[in-house]
Amino acid sequence: MSITLRSPLDMHLHLRDAQMLTIVAPLSASSFSGAIIMPNLIPPVSSKEDVLAYKKRIMDSIGDSSFTPYMTLFFKPTYTRDFLESVQDEITAIKLYPAGITTNSEGGVSGFEIDDLRETLDAMSDLGIPLCIHGETGGFVMDREAEFVPIYEKLATNFPKLKIIMEHITTSASVDALDKFDNLYATITLHHLIITLDDVAGGMLQPHLFCKPIAKRPEDREALLRVALSAHPRVMFGSDSAPHPKESKEAPGCAAGVFTAPIALQRLAQLFEENNTSFDNLQKFVSDNAQEIYGITPIEKTVTLSKKEFTVPDNYDGVVPMSAGEKISYTIDSIS
Ligand code: NCD
Ligand code: ZN
């Protein structure tokens, strides 16, 4: 059996910088047509110069692969309309992090008073720049995302023309919010469709499955599966592939992030098959919905996968992927 995916897109990707960039960027660039590139570098990507320079470093690291890095800025409530107008042609979205909530987010937003955000969000809304949000509060770790839902709803109500993307949703509460507001969208990762907290910490601790938001309960995973497998039109695949050096993962103070980019399409094919779901829906989940939501036309790329066992490498130049050493039932056969 084989499947052909047309122009796969990863709508939430961490490519990092320097040596890590040179390891991970070619892996995404070979099998995806494009990806939304997260801006949480140190320091964060927050000026036009930063965007252009980072984009160049990405292009330099992928050689002659055809791949579009859809660039983002790190949200600051001080961005003015003039600034946004000057940068809008270089970016596809702006990513908002609550301050300190995850890796490299210290410069994020410390409150969600509408009046403090209004100038920037009105301008983004008028200019048609989508807002991607890492939606977690500072509360108890399992409740952070559900506690953030009222903030999503407040933003969606106050800025009805702003496209708001709830990034890497992990709870049934976020799935429920999707259908309450026409301007709310979501990305879902591969790992949150597969694991629950039990896989992370139910037995021996699995640092390579530790990420923000933390994987939740079986019923949450079921809710995510329901909208991903049915290719809900406001849901897109975003891997949140977040590589860290092995020493930072296999350590006390393990860094948050699961590295999935090089296995994502193969494992998604297996997941859709295991759930007896049409590959037409996989096509929508990994590309068509995102094209519609973001209004983008990706580079044409055809990825053919076949039902042949693929053993996930133990590491990619020292960076450990999810499911390292395990077998996946689909392999990428050809990319053209
Ligand atoms: C991400 C990272 O490492 O940059 N980590 C993660 O656990 N997902 C940041 C993020 O998306 O939260
Ligand atoms: Zn992320």
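Both counts, for ligands and for their atoms, begin at 1 and track the order of listing.
- Coordination check, E167 versus the Zn ion (ligand 2): failed, since every N/O/S atom of the residue sits at 2.8 Å or beyond.
- Taking a cut-off of under 4.0 Å to the non-hydrogen atoms of A242, the atoms of ligand 1 that pass are 1 (C), 2 (C), 3 (O), 5 (N).
- Contact check on K284 versus D280 returns no salt bridge, with no Lys/Arg side-chain nitrogen under 4.0 Å from an Asp/Glu carboxylate oxygen.
- Residue contacts to the Zn ion (ligand 2): H12 brings an N, O or S atom closer than 2.8 Å.
- Contacts between H134 and ligand 1, counted as non-hydrogen atom pairs separated by less than 4.0 Å, involve the side chain only.
- At a heavy-atom distance under 4.0 Å, only side-chain atoms of N40, from C-beta outward, approach ligand 1.
- Heavy-atom distances between E167 and ligand 1 stay at or above 4.0 Å for every pair.
- Heavy-atom proximity to C211, at under 4.0 Å, picks out these atoms of ligand 1: 7 (O).
- Ranking the protein heavy atoms by distance from atom 7 (O) of ligand 1 puts K212 N, 2.8 Å first.
- Side-chain contact, T102 with S105: no donor N or O sits under 3.5 Å from an acceptor N or O.
- Residue R16 places a heavy atom under 4.0 Å from ligand 1.
- Taking every heavy atom of T102 and a limit of under 4.0 angstrom, the matching atoms of ligand 1 come to 5 (N), 9 (C), 10 (C), 12 (O).
- Scanning all protein heavy atoms for the shortest distance to atom 5 (N) of ligand 1 gives A256 O, 3.1 Å.
- Distances from ligand 1 to the non-hydrogen atoms of H244 include at least one value under 4.0 Å.
- When only non-hydrogen protein atoms are considered, atom 8 (N) of ligand 1 lies nearest to D240 OD2, 2.8 Å.
- At a threshold of 2.8 Å, the Zn ion (ligand 2) has a backbone or side-chain N, O or S atom of H14 nearer than that distance.
- Between the side chains of E153 and T157, no donor-acceptor pair is found at a separation under 3.5 Å.
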